[in-house]
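For the single chain, residues carry numbers from 1 onward in sequence order. Model, not experiment: these values are computed from the prediction.
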Amino acid sequence: MLLSMLAERTRKYIRGSADDIGWLQRDPYMPPVTDGTQRFMEILDSIRFGVHKLPNSLVYLLIPGLGSNHVPLYFVNTKTHLTNLGLSCYIAKIHSEASVEKNARDVKQQIEEIYRCSQKRVMLHGHSKGGLDAAAALSMYWVNLKDEVAGLALAQSPYGGTPLASDIARQGQFGDLFLRAIVFPVFNIIKGDVRALEDLTYEKRREFLKKHSLPREIPVVSFHTEAEISPSAMATLTHMANIDLWLTGIHEVIVPSGAAMAASAFVVQTKYGEKSDGLVTCRDAEVPGSVVVHPKRKLDHQWLVFSSVNDSPYEASSAQVCEALLQLLLETGQSKNWNFT
């Protein structure tokens, strides 16, 4: 018994998450995905030329991911963009470092409150862990929400799990002791629940999805990207917040987060041979049964919810990408004859 335990510990130490990445795609009982990338690009092109088709008969709820409580501009560009189009749009008020099940209850309550006040169905768009929180709300409380929700878009969400969380949390993964020594104290400082990180591991995602699967009838779109790992990507700067200094006015807080994402993507590719956005592998972000979007443009994990100072004016903005995902979700629901009223 002891020898078999040591053998398993040694195997895990050597293999890490190699046997877990993409496990959802290998499960024969999971429904297949549909590639919606071409249609997404068509929608995105039309949006860039001023064609906007999202209806105001729905309310749009954005669910942010880990760290959003500490980064003021998370999803702000997208909310502003959709509001300027005359749409009702809100950013969910959750504790981003809480567990998935805790946030699922909070998302459920906010959906019910929005529907009660507006009598409009709510279209959900979750980024990163926010996508898991939104999916969990639908999985756990579908009986309560089935007449109040219009669909779910998950962007760069570790639906199957992520090797970074698994490697940090795994006992005996000595190579990640340094990361654990940093991450766990940080969670304590920001009053976060370490379960929020553990909920992103492959083990916990398997356990959760075994108990709570997404209703197959609901329209779902999943979006994943690959981060650029070239030297130029290491110099990417991101506008994450504004600070108001009494003497000199408002200043932008610029962080080299693109460099961190590029470095992380390089580690994942080197260690596991997998493409990722820096935090989530492409294969783990595909939700079974969903319409999947995987653009060729190299985008890291944080680009969709913040502004990069390196963005080209000739490329679509993050807010336009989010709008296109929501329009594709709308079309997916229409193809399923989903009732949006």
How about V100 and K129: do any of their side-chain heavy atoms sit closer than 4.5 Å?
yes

Hey, does L145 have a side-chain heavy atom less than 4.5 Å from the side chain of L138?
yes

Mind listing the closest non-hydrogen atom pair of L304 and A155 along with its distance?
CD2-CB, 3.3 Å

Over 60° means perpendicular and under 30° means parallel, so tell me whether H224 and H294 are parallel, tilted or perpendicular.
parallel

Where do R206 and D19 come nearest, in terms of heavy atoms and distance?
NH2-O, 4.5 Å

So do I47 and H52 actually touch side chain to side chain, heavy atoms under 4.5 Å?
yes

For the CD atom of E101 and the CG atom of D199, what is their distance to the nearest 0.5 Å?
7.0 Å

Side chains of F40 and V321: closer than 4.5 Å at any heavy-atom pair?
yes

So E112 and Y141, do their side chains get closer than 4.5 Å, heavy atoms only?
no

With a distance cut-off below 6.0 Å to the six-membered ring centre and an angular limit of 45° from the axis, does R205 pair with Y159 as a cation-pi contact?
yes

With a 4.5 Å cut-off on side-chain heavy atoms, are L330 and K53 touching?
no

Y115 reachable from Y60 in the ILVMFWY side-chain graph, under 4.5 Å edges:
no

P158 vs L132 side-chain heavy atoms within contact, under 4.5 Å
yes

Take E207 and K210 through the salt bridge (Lys or Arg N to Asp or Glu O under 4.0 Å) test and state the conclusion after the steps.
CA-CA 5 Å; E207 291 178 5; K210 188 175 181 180; over 6 Å; no

NE2/H212 to CE/M140 distance, rounded to the nearest 0.5 angstrom?
5.0 Å

Which atom pair, heavy atoms only, marks the closest approach of L164 to V268?
CD1-CG2, 3.5 Å

Look at the side-chain heavy atoms of Ile, Leu, Val, Met, Phe, Trp and Tyr, link any pair under 4.5 Å apart, and say whether L82 and Y90 land in one connected group.
yes

Could you tell me if the side chain of C89 sits less than 4.5 Å from the side chain of L62, heavy atoms only?
yes

